[in-house]
Number of protein chains: 2
Amino acid sequence: MGFAAGAEIERLVELLAKLPGLGPRSARRAVLTLVRNREGLMDPLSTALEAVRTKVRPCRICGNLDTDETCAVCRDPRRDPALLCVVEQVADLWALERAGVFRGRYHVLGGVLSALDGIGPDELRIGALVDRAKTQGVGEVILALNATVEGQTTAHYIADRLREAGIRASGLAQGVPVGGELDYLDDGTLAAALGARRALD
Amino acid sequence: MGFAAGAEIERLVELLAKLPGLGPRSARRAVLTLVRNREGLMDPLSTALEAVRTKVRPCRICGNLDTDETCAVCRDPRRDPALLCVVEQVADLWALERAGVFRGRYHVLGGVLSALDGIGPDELRIGALVDRAKTQGVGEVILALNATVEGQTTAHYIADRLREAGIRASGLAQGVPVGGELDYLDDGTLAAALGARRALD
Ligand SMILES: [Zn+2]
Ligand SMILES: [Zn+2]
């Protein structure tokens, strides 16, 4: 890059700029913020990054991230093992946990089926999901995949596989988001919300 | 935060979210990107951050950042020591270096005068600037401060101090940025560009 900042800083800027949401400009600002606040930010960030780097790994059961071989959700005896929520990515699991609305356990696929990207069932953790559902007393699998074409294709594929194994699968309801204004929704969402309309009692 | 990700990850998300340009959401995405790409991104980032943390410090002459006591610009014998460019922050120095348009040396103030924030001349590196200009054979000081009220107030204050010491000070020209469309410029810029109009020859 060459902006007279020394090789170490240029390397740090270059790497930070690869993070989603950061470009070269914001990476440079981030580095200056770090240098200006050593005790409060740079030192703890270095420590935290090193801790994640050396300790964090995917849970061998569900694919969530944790410092243990099995994650906090899988270890928690209060979580219902008969109810399994399938998500595409760890970020989706975190979103559901932040919402605090689900008391079962998870299964992270690691992506969605995509002929274009050459991602078939073997590239995802689908076999492990079916095995897990069959052998661990799972009564229902909720397919919480994104409401995209690939997400829904993947959900239907998995539902078929689970049905063959005698396990019930469900999907998230589609409709108007809470607080959503009709005027701002796309046609697909409006159509789904209308099709799934329910009686007001 | 509590999103079932383990204390190490939550700590890293929390710290990354403090960087300019990142919030909690993008910090979570950044951490997942790091975990997904250990060899390519997380390991080198940890190494680079540690290198900057332990090696980089402000240049004792100009305030730029480098791993040496004096920075690459101050060490470079091809840079004209008689021409000094004063900037508010290291980021401004980097911007000028990227542009590659200045062949003198720099002086980083570390901010601008601000009565509101309690920043007077003693909080900035103004005394050091005047000493440096007087004792190091500086012929001209270019005050490349931001075109804000505080920046220009600071520029005038420094120009006065330098004039007392018999040293010439100049400021950056104001006007229409290259490629700038008049329709999108603020009134102040238009007025400055008009006032500083020059003959076309
Ligand atoms: Zn787990
Ligand atoms: Zn220097």
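The sequence lines fix the lettering, A, B, ..., with proteins before strands; numbering per chain opens at 1. Treat the numbers as computed from the prediction; the structure is a model and nothing was measured.
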Would you indicate whether the side-chain heavy atoms of [Y] and [X] approach each other to under 4.5 Å?
X: B/Val52; Y: A/Leu34; answer: no
X: A/Leu12; Y: B/Val56; answer: no
X: A/Leu16; Y: B/Leu49; answer: no
X: B/Leu32; Y: A/Leu65; answer: yes

What part of [X] is in contact with chain A, defined as an atom under 4.5 angstrom from a non-hydrogen atom: side chain, backbone, both or neither?
X: B/Asp43; value: both
X: B/Thr33; value: side chain
X: B/Arg53; value: both
X: B/Arg36; value: side chain

For B/Arg38, I'd like to know if atom CZ has over 12 heavy atoms of other residues, nucleotides or ligands within 6.0 Å. yes
If you count heavy atoms of other groups shown closer than 6.0 angstrom to CG of A/Asp186, is the number above 12? yes
Could you state the interatomic distance from [atom1] ([X]) to [atom2] ([Y]), rounded to the nearest 0.5 Å?
X: B/Lys18; Y: A/Leu41; atom1: NZ; atom2: CG; answer: 6.5 Å
X: A/Glu10; Y: B/Trp94; atom1: CD; atom2: CH2; answer: 8.5 Å
X: A/Glu8; Y: B/Thr47; atom1: CD; atom2: OG1; answer: 12.0 Å

Contact part of A/Arg29 toward chain B, heavy-atom cut-off under 4.5 Å: side chain, backbone, both or neither? both
For the candidates A/Ser46, A/Gly40, A/Ala91, A/Ala7, which exhibits the highest count of non-hydrogen atom pairs separated by less than 4.5 Å from chain B? A/Ser46
With a 4.5 Å cut-off on heavy-atom pairs, point out which of A/Ala30, A/Gly21, A/Ala99 contacts chain B the most. A/Ala30
Tell me, out of B/Pro44, B/Pro20, B/Gly23, B/Ser26, who's got the most heavy-atom pairs with chain A below 4.5 Å. B/Pro20
Top contributor to chain A contacts, counting heavy-atom pairs under 4.5 Å, from B/Val90, B/Thr54, B/Asn37, B/Leu22: B/Leu22
Minimum heavy-atom separation for B/Leu15 and A/Ala48, please, with both atom names. CD1-CB, 3.7 Å
